[in-house]
Amino acid sequence: MTKKYSLHLAIFSCLLLLQCKPVKETVQLPEIIDKPIVFDKTRKQLSLEYLRDRYGLERETPTIIPRMIVLHWTVIPTLEEAFEAFNPPTLPNWRPDIKDVSGLNVSSQFMVDRDGSIYRLLPETTMARHVIGLNHCAIGIENVGGTEALPLTEAQLKSNIELVKYLADKYAIDYLIGHYEYTYFENHPLWLEKDKGYRTQKTDPGEDFMGKVRRATKNLNFAPVPKKPITP
Ligand SMILES: [Zn+2]
């Protein structure tokens with residue numbers, strides 16, 4: 001084989017390799033501002049107890065294996081007030097003497113302000129209490145507002161879409177749901193809540209908002225939400 005010929009062959013092989021390389025859509029990294037809520041010994045302990053008592057999961061650390069993203073609205077009108085609601089480790093009216101009721105305060109891993117700014121309140125794989133039955137596998141995104149007077153904004157929609165793309169690229173996410181859809185998972189293997197009476201009625205973040213985020217992230221091919229269980 002002549003030198004010239006082998007060089008040609010080498011270049012040709014390289015080009016072929018480049019062409020065959022699977023093309024992966026590059027995900028635009030959203031700007032994320034870290035704004036951690038208190039995660040002290042108490043919150044850690046209560047999170048571990050929550051995983052153990054409600055889900056039967058014995059863990060060394062209160063971490064989650066993300067499989068799902070849950071979108072919410074806060075109803076609370078400002079970022080500062082919403083942050084203050086999540087910041088304390090225990091629920092405001094918690095009485096440690098009441099057994100079977102977890103004192104762990106509610107929170108979420110992300111909060112999106114009305115101008116679309118994205119705040120990360122907890123490490124992405126630390127458990128937050130934001131959705132009954134599924135906290136062990138769900139990353140929560142809260143959106144400030146959501147009332148008739150303060151409907152979610154276009155900027156929030158854009159940031160939610162970016163955040164969903166970013167998280168789906170980073171973790172093995174199967175489901176994207178609105179909080180109002182969480183009870184559809186009651187018979188699903190991911191559902192671990194033991195107390196059959198522990199349910200709340202949710203409407204957040206609204207069907208319209210969910211529909212828009214779903215349409216914009218269609219190519220991520222999330223699994224369909226299970227059908228609503230038929231109660232006998
Ligand atoms: Zn919610």
Side-chain angles (χ1 to χ4, degrees), residues 35 37 43 46-47 50-51 54-55 64 66-94 101-114 116-122 124 126-153 155-157 159-161 163-164 167 173 175-186 188 190-193 195 197-214 217 222 225-226 228:
K35 188 176 167 66
I37 51 169
R43 199 169 209 138
L46 289 170
S47 303
Y50 190 100
L51 284 166
R54 313 215 71 91
Y55 300 156
I64 65 166
R67 298 278 307 275
M68 174 185 287
I69 300 166
V70 184
L71 306 188
H72 304 260
W73 61 36
T74 61
V75 175
I76 302 172
T78 67
L79 175 85
E80 289 71 25
E81 289 168 287
F83 182 87
E84 278 318 311
F86 289 178
N87 197 31
T90 54
L91 283 172
N93 300 316
W94 179 48
V101 177
S102 171
L104 177 64
N105 197 9
V106 292
S107 66
S108 62
Q109 288 84 357
F110 290 96
M111 190 177 279
V112 180
D113 200 0
R114 304 199 46 78
S117 303
I118 301 169
Y119 294 90
R120 182 163 43 205
L121 312 185
L122 285 172
E124 291 157 10
T126 293
M127 194 199 86
R129 183 180 188 178
H130 62 98
V131 57
I132 292 169
L134 302 160
N135 288 311
H136 64 96
C137 65
I139 293 179
I141 302 174
E142 284 281 355
N143 288 280
V144 176
T147 55
E148 219 173 297
L150 283 178
L152 300 188
T153 66
Q156 283 174 312
L157 174 64
S159 293
N160 277 247
I161 293 164
L163 206 43
V164 167
L167 292 170
I173 304 290
Y175 298 98
L176 166 69
I177 70 164
H179 196 185
Y180 67 89
E181 295 169 308
Y182 85 97
T183 51
Y184 298 179
F185 283 81
E186 279 181 25
H188 190 280
L190 284 176
W191 182 271
L192 295 183
E193 173 60 44
D195 184 350
Y198 180 40
R199 301 288 185 274
T200 47
Q201 282 272 0
K202 296 290 174 184
T203 57
D204 64 319
E207 286 181 32
D208 180 51
F209 189 81
M210 264 329 284
K212 285 176 180 163
V213 178
R214 282 205 167 107
T217 57
F222 293 119
V225 175
K228 193 172 169 55

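Heavy atoms only: backbone and side chains are in, while hydrogens, waters and symmetry mates are out. Counting convention: from 1, in listed order, for ligands and their atoms alike.
Using a 4.5 Å heavy-atom threshold, the side chains of Trp73 and Phe209 count as separate.
Ionic pairing of Glu181 and Arg214 is present here: one or more N-O contacts between side-chain nitrogen and carboxylate oxygen are shorter than 4.0 angstrom.
In this structure, Gln156 contributes its side chain and Val144 its backbone to a donor-acceptor pair below 3.5 Å.
Geometrically, Lys35 engages Phe83 in a cation-pi contact, judged by NZ or CZ lying under 6.0 Å from the ring centre and within 45° of the ring axis.
Ring-centre distance between His188 and Tyr175: below the 6.0 Å cut-off.
Counting only protein N, O or S atoms, 3 lie closer than 2.8 Å to the Zn ion (ligand 1).
Heavy-atom contacts from other residues, nucleotides or ligands closer than 6.0 Å to CD of Glu81 number more than 12.
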